[in-house]
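Step one of this worksheet: look at the structure below.
Throughout, residue positions are numbered sequentially from 1 according to the sequence presented. Just the heavy atoms: all of them, side chains too, but no hydrogens, waters or symmetry mates, feed the values below.
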Amino acid sequence: MICERCGTQSDNGARVCPRCGAPLHVYTGKSGVASIRQGRSHEPPRVYGAMPERPAAREERYSEDAGRPDNRRGVQQGKHGERERKKRPGMSAPSVRPRGINYALLFTILGSVLVVLIATVFVLGIKTSTGQLYLMHAVSGNPDREAKVISMIGDEAAASALWVIGGEQLDQGYIVRAIETFEQAYTLNPKIDNLYNRLMELADAYEASGQLGSAEEVYYQLYTEVDPTQPLAYRNAIAIMTDQGRLFEATDLMAAAYEKTGELSFKAQREQLVPLPPTATLETGRLMLERTTELVSSQGYDIYYLMDDEVGQLPEDGILFESPIKLTEGTHIIRAVCVSSALVSDEVSLKYTIFFPSPSAPKSRILSGTYSRRVRMKLYMDTTNDTPGQEVTIYYTIDGTAPNSESPIYTDEGFLLPPGRVKVRAVAVNQYSKVSNELVADFRIDLPFKNFFRDTNDQFKAFKVGTTTYDAIKKLYGEGKAETVDDANATNGKALRVTYDWGEMRFSAVGETLISVITNYASMVGPRNTRVGMKVNEVTEQFRDMGQVANARGNRSIYYDDATGYARYYKDSDTSAHLEYVYKREDGGLTTLTYELENDNVVRIRMELTGVKIP
């Protein structure tokens with residue numbers, strides 16, 4: 001059977017070509033063009049006996065009996081890439097033609113390798129710290145080239161490289177160049193890692209170049225912003241200050257350094273320079289009565305202090321201590337320092353609380369309750385628990401008001417309780433003006449008593465304030481001299497004032513209702529039949545009187561009631577006084593009845609309505 005691919009003759013029973021491995025087909029009597037047309041062969045007719053074509057490289061990798069060409073289980077190629085074939089009898093081995101060198105391919109490969117090498121070097125130069133340092137070294141001193149390299153590798157990488165370069169320059173003695181490099185690196189990346197040590201290098205360079213101010217600024221930044229717990233910046237800054245004689249600043253920084261770092265060396269260094277703080281001769285704490293204290297410097301330095309002033313600065317705003325300090329009642333805080341030349345000691349704070357003893361409350365010798373007769377009440381002091389040496393004055397009231405220094409002073413003979421309901425109130429006051437708690441005792445004396453003043457019942461006999469009109473008054477006393485005047489108690493602030501020989505009356509401007517009267521007319525009968533010419537006690541007997549005695553100034557409270565009003569006697573001078581009754585009206589107004597006195601005789605009666613508008 002002949003192979004349709006290579007034309008090799010094979011045995012009739014073979015299924016594949018022994019030469020090319022192509023499948024063999026049973027001859028059908030058609031070949032060449034006819035077989036192609038009928039789909040039995042995809043190759044043109046072969047001329048037998050011609051040189052066979054060179055098989056494809058993929059096909060040559062397999063042996064002649066390896067099955068299908070695409071099957072990878074065939075026999076591998078030999079040493080020289082030729083297929084190992086079994087020699088058939090009468091066949092010679094194929095000849096091998098020598099191949100020439102492809103220089104174009106060789107140069108293409110070498111060029112590609114060179115490009116890859118250059119790209120690799122470029123990438124290493126940009127991406128690795130060693131390469132970045134090399135690049136920055138290469139362009140050092142050329143601003144334009146530096147800017148290009150920085151733009152390629154970035155600010156952070158350039159800053160890291162510049163810090164290294166600056167350190168090398170500093171080691172080599174190029175101090176000015178090192179400072180410029182450090183400053184450039186810090187500008188590019190002010191938040192670089194290990195900033196503390198890097199800035200310390202910059203500060204060292206500043207100090208080496210004599211720029212102490214710049215170095216101190218860097219140290220300040222280090223111990224205030226970067227890391228306050230590191231001691232090195234403090235030490236270098238303190239050294240600069242002490243070398244320049246700035247001891248006041250140096251000691252302050254030593255105190256701050258000790259507080260922030262906990263290094264005892266700063267505390268010991270400071271204690272060798274600053275004075276000891278002052279002390280006081282009076283022990284601080286809670287003390288009774290007024291005291292004095294003195295401030296002392298064990299080293300004989302000047303002492304400046306502030307008292308009860310927390311905002312002032314020492315020693316600038318302080319007072320030079322020269323004499324003992326007086327401590328009165330209350331809480332006092334003294335702040336003080338010792339000053340030696342430009343050095344100031346630590347500030348000492350002394351707190352004193354001065355208090356005065358308070359007396360106990362007075363006590364009554366009779367029990368509260370109801371009595372069918374007037375009783376005399378006596379007070380006394382139980383000083384068992386009081387501080388010895390106190391001098392006590394008892395102030396009391398029976399008119400219902402709270403006792404104070406304007407109230408009557410109790411005497412040993414006591415006082416009679418008036419008829420009706422009585423509330424006795426008393427306090428004790430010592431020589432330090434300290435007031436005791438209050439004694440309150442309620443009594444009821446079942447005896448008849450007069451009522452408080454009330455304008456609804458207590459009016460002049462011929463007319464009534466707040467009711468009588470001007471027309472009615474004219475019938476009694478004539479027209480008088482009438483004029484319009486300003487009056488805050490009248491409607492719209494205007495009142496009609498009518499004057500007579502014996503006094504005057506005022507009427508509301510709209511309805512002409514009587515709102516006040518002033519009279520010295522002895523024939524005019526006042527409330528409760530009182531009139532001009534009566535004695536003061538004759539007047540007080542007509543109204544409720546609690547019997548309270550006058551105080552040290554001669555004034556006397558007659559009665560006091562929260563709901564109804566009050567009555568009081570006021571001594572104006574040695575010869576003049578006035579008696580005042582006030583009634584609280586239901587409409588919120590006040591009616592005031594006043595008796596003007598000369599040598600305890602009534603010389604004028606006045607009654608007026610205030611705090612309410614009368615139509």
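Between Tyr570 and His578, the ring planes are parallel. Angles under 30° get that label, and only those over 60° would be called perpendicular.
Checked for salt-bridge contact, Asp252 and Arg246 miss the test: no charged N lies under 4.0 Å from a carboxylate O. Arg421 and Asp442 are not joined by a salt bridge, as no carboxylate oxygen comes within less than 4.0 angstrom of a charged side-chain nitrogen. With respect to the salt-bridge test (charged N to carboxylate O, under 4.0 angstrom), the residues Glu329 and Lys434 qualify. Ion pair Arg585/Asp455 flagged as a salt bridge, since at least one NZ, NE, NH1 or NH2 atom sits closer than 4.0 Å to an Asp/Glu carboxylate oxygen. In summary, Lys481 and Glu504 do not engage in a salt bridge, as defined by a charged side-chain N under 4.0 Å from a carboxylate O. A salt bridge is defined here as a Lys NZ or Arg NE, NH1 or NH2 lying under 4.0 Å from an Asp or Glu carboxylate O, and Glu580 with Arg606 fails to meet this definition. Looking at Arg335 and Asp308, no side-chain N of the basic residue comes within less than 4.0 Å of a carboxylate O on the acidic one, giving no salt bridge.
By the 6.0 Å contact criterion, NZ on Lys464 is open, its count of non-hydrogen atoms from other residues, nucleotides or ligands being 12 or less.
Phe415 has its ring centre less than 6.0 Å from the ring centre of Tyr396. A centroid separation of less than 6.0 Å is found between the aromatic rings of Tyr559 and Phe452. Ring centroids of His332 and Tyr352 are separated by 6.0 Å or more, keeping the two rings apart. Taking the ring centroids of Tyr258 and Phe266, they lie at or beyond the 6.0 Å cut-off.
Side-chain polar atoms of Glu413 and Thr411 form a donor-acceptor pair below 3.5 angstrom.
Two residues are said to be in side-chain contact when any heavy atoms from C-beta on lie closer than 4.5 Å; Val337 and Tyr305 fail this criterion. A 4.5 Å side-chain heavy-atom check between Leu514 and Arg506 finds every atom pair outside the cut-off.
No donor-acceptor distance shorter than 3.5 angstrom exists from the side chain of Gln542 to the backbone of Pro527, with no hydrogens or angles considered. Between the side chain of Ser508 and the backbone N or O of Thr513 there is at least one donor-acceptor pair closer than 3.5 Å.
Between Tyr581 and the options Phe543, Tyr569, Tyr566, a ring-ring contact (aromatic ring centres under 6.0 Å, His included) holds for only Phe543.
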